[in-house]
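Quick notes on the structure that follows.
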Amino acid sequence: MSITTRQRRPIAPTSGDALPPHAPGRHRPRPSAQSSTWSEEAEEGGGSLDWKIPFVALALLRYMSATSNIIHDCDETFNYWEPLHYLLYRSGFQAWEYSAEFALRSYLYLLFQALVAAPASFLFGDDKVRVFYAVRLFLGLISTALDTMLIVALSRRYGRRIASYTLAMLCLTSGCFFASTSFLPSSLSMYAVTLSSALFLLEKYGMAVSVAAAGVILGWPFSVLVALPITFYSLKRRFKEVFLAASMTSIVALILSVLTDHHYYGRWTSSVINLLAYNVLGGGESHLYGTEGLFFYLRNGFNNFNLCFVLALLFLGILPIARKKFAPDLLIVVSPLYIWLVFMSLQPHKEERFLYPIYPLICIAAAAVIESFPDLFRRKYVTTDSPIVMAAKILRPLVLSLILCASHSRTFSLLNGYSAPLEIYKHLSFHEDAGEGSILCVGSEWHRFPSSFFVPSYISEVRWIDDGFRGLLPIPFNSTLGGTAAAPPYFNNKNMASEKQYLKDTEACTFLVELELKRPYPSRGSDLSKWEVLAAIHYLDRELSSPLYRSFFIPYMWQRNVFGLYKLLKRIPNPETTTQV
């Protein structure tokens, strides 16, 4: 008599199984023809990337960004570089947001950068430019490490191909190239979104939500909208663990923020609550600082990501076809892209930096769409690839190459067209013969002032001169009034000019920085009997140049742009005043 044994059929996992669709060991029912082709695609692009290659590639590009990036927004200078300069050297400009009366900015964020800036200032002494770039290299290193984690998480969860596409776009798209080393809370929020997304894909839900909470409190409070999908889904999966971790992180971060604000503002206050109250609870008048149309972010997204941005917006469209590969987790990670775009587009005050938190998500969504090209043309129950499917596979590297080439073209155009302000101030270090107590004057180009890190110590003051601007300008920190704890009476939150912001006697100027454009009126420094040109660098004239030529660097066409001259001038001494009696 023979005895037969029957093997128990493996139990299929439930829909709440945390294993990814193609994870080893996860049971799958007998595949249909279409799901079989998806499985083959996953194996073809499967395997995970080792962290070393992404880290080296990102480190190289972030180093290039740190050393060549321009300052894209005057808020970066006056709300972050200048207060940091004051903490290090006890001199620098104070914006009204840092008045103790309003206390809208957190010094805790500045202390994070001071961890590098303080030792660098001790190491490099009077060479403050090196301190500036040390902070930027620090930001680039953070971006490198976090982006590497995201790439590794993507490769482990969805395969080598989608991770490689994302890596290429994180490295070379103009938006990521510039935002990765910008000294802005929105960049810190971008770092938090990157790390939180990586941890979520690695199924570390408590850590993912904790990082998101820290990014909201220490970085930019409004980025809470970007954190909501991961937070809600993580709570659904592991409520107790996620709730406790996120609560503890939020409490600790808020306590640190309040204690830091108390130390520097000299009173009990919370910059996080103040900022939310100013913008949300009726006190805010951000429209005073410029408004843009409904489609501003769509245009801006295309400029900084070109076809990558278009493909990212199409991600939702491919989900009915590729949902077995990407839903639900990748959809949860990418969904803040659409929430943020809609919300920010409805706000009247718009800035390019407001999109920084979703920059990594744009790259992930676009990479998923490119990876799914063949799936768009597969027919159900057909096991062999048709010629159109084969063409779609060939299309993937071609589209990626187009994105990267256009991105390089955009980056090259911006760096070559608008880097003059950073470079012209470096020339001040070659003219110490002007003597101690020299005064540097800046007129209408105040908003491109790259920070006091570029002003040598022999210059005692940087002063604004009246060229017609009627808004409120930053004014130097006043140590006699209390420094960071001061609430100067000349500051207001209505963007109304103060009589103290301009230098009355322009004859006191030793140096002058100005932009000379081809306009029907003379520039202040055009009188060569009073001013000597020390340096002049070409600067792209945005108003007189065609958007086709200036937006992207196209050989033989970019030279058709119109350029002005960014000048550093020195006053020629008046012989009558220098003659010795």
Side-chain angles (χ1 to χ4, degrees), residues 74 77-78 81-82 85-86 89-96 126 128-129 420-421 424-481 483 486 488-491 496-517 521-537 565-581:
C74 64
T77 294
F78 296 116
W81 285 114
E82 284 299 294
H85 187 275
Y86 182 78
Y89 302 102
R90 290 303 171 203
S91 67
F93 283 99
Q94 181 182 22
W96 71 268
D126 290 337
K128 297 186 293 183
V129 174
I424 205 70
Y425 280 87
K426 293 177 183 178
H427 285 267
L428 287 167
S429 62
F430 302 122
H431 300 281
E432 295 185 4
D433 58 333
E436 297 290 333
S438 297
I439 297 177
L440 171 63
C441 293
V442 184
S444 59
E445 287 302 296
W446 65 269
H447 61 289
R448 296 191 180 101
F449 177 63
S451 83
S452 297
F453 284 94
F454 290 83
V455 179
S457 57
Y458 73 88
I459 293 178
S460 61
E461 289 184 279
V462 178
R463 297 299 305 269
W464 314 130
I465 51 180
D466 191 352
D467 274 348
F469 181 72
R470 291 294 170 260
L472 180 63
L473 292 179
I475 297 173
F477 278 93
N478 193 325
S479 297
T480 60
L481 293 179
Y490 41 77
F491 279 138
M496 296 187 298
S498 167
E499 61 179 15
K500 295 182 66 67
Q501 67 189 33
Y502 289 124
L503 177 66
K504 306 298 183 183
D505 181 16
T506 58
E507 295 295 321
C509 299
T510 311
F511 296 99
L512 173 67
V513 171
E514 71 171 6
L515 175 60
E516 183 182 283
L517 299 173
Y521 44 85
S523 60
R524 189 183 295 272
S526 61
D527 186 352
L528 297 183
S529 65
K530 294 183 178 180
W531 297 100
E532 172 191 2
V533 178
L534 300 179
I537 302 175
L565 285 176
Y566 219 90
K567 290 183 176 182
L568 172 63
L569 304 106
K570 182 180 178 182
R571 181 179 294 280
I572 299 174
N574 188 336
E576 296 181 1
T577 60
T578 58
T579 301
Q580 297 294 326
V581 179

Looking at every heavy atom in both I465 and Y502, which two are closest together, and how far apart are they? C-CD2, 3.5 Å
Considering only heavy atoms from C-beta outward, does the side chain of P456 approach that of F430 to under 4.5 Å? no
Distance-minimising heavy-atom pair for W464 and P474: NE1-O, 2.9 Å
Under 3.5 Å, is there a donor-acceptor pair between the side chain of Q501 and the main chain of G471? yes
Would a 4.5 Å heavy-atom cut-off, applied to side chains only, mark H431 and L534 as touching? yes
Counting only heavy atoms not in K500, do more than 12 sit closer than 6.0 Å to its NZ atom? no
Measuring from I475:CD1 to S498:OG, what's the distance to the nearest 0.5 Å? 4.0 Å
For F511 against S438, the heavy-atom pair lying closest together: CE1-CB, 4.1 Å
Could you walk me through whether F453 and Y89 pass side-chain contact (heavy atoms from CB on, under 4.5 Å), step by step? CA-CA 10 Å; F453 284 94; Y89 302 102; 4.0 Å; yes
Can you find a pair of side-chain heavy atoms, one from K567 and one from W531, that are under 4.5 Å apart? no
Say whether, by atom type as modelled, one donor and one acceptor occur between the side chain of T510 and the main chain of L440 under 3.5 angstrom. no
Closest non-hydrogen atom pair between A95 and F78, with its separation: CB-O, 3.9 Å
What's the separation between atom CD in E82 and atom SG in C74, rounded to the nearest 0.5 Å? 11.5 Å
Enter the distance from W446:CH2 to L473:CG here, rounded to the nearest 0.5 Å. 5.0 Å
Give me each pair satisfying salt bridge (charged side-chain N to carboxylate O under 4.0 Å, His left out) with a member in residues 451-472, each pair once, sequence neighbours excluded. E461-R463, D466-R470, D467-R524
Hey, could you give me the OG/OH distance between S429 and Y458, rounded to the nearest 0.5 Å? 7.5 Å
For K128 and S452, indicate whether the former's side chain and the latter's backbone hold a donor-acceptor pair under 3.5 Å. yes
Beyond-backbone contact of F469 with H447, side-chain heavy atoms, under 4.5 angstrom: no
Test item: Y490 and E499 side chains (from C-beta on) under 4.5 Å apart, heavy atoms: no
Return the minimal non-hydrogen interatomic distance between I537 and A420, and the atom names on each side. CG2-CB, 3.8 Å
Would you say the side-chain atoms of E514 pair up with the backbone N or O of S523, donor to acceptor, closer than 3.5 Å? no
Close side-chain approach of L528 to V533, heavy-atom, < 4.5 Å: yes
Quick note, salt bridge (charged side-chain N to carboxylate O under 4.0 Å, His left out) partners involving residues 433-443, not counting sequence neighbours, are none
Between F449 and F454, is the ring centroid distance below 6.0 Å? no
Are any non-hydrogen side-chain atoms of P488 and N478 less than 4.5 angstrom apart? no
Considering non-hydrogen atoms only, spot the tightest contact between C509 and L503 and give its length. SG-CD2, 3.7 Å
CZ-OH distance between R448 and Y425, expressed to the nearest 0.5 angstrom: 10.5 Å
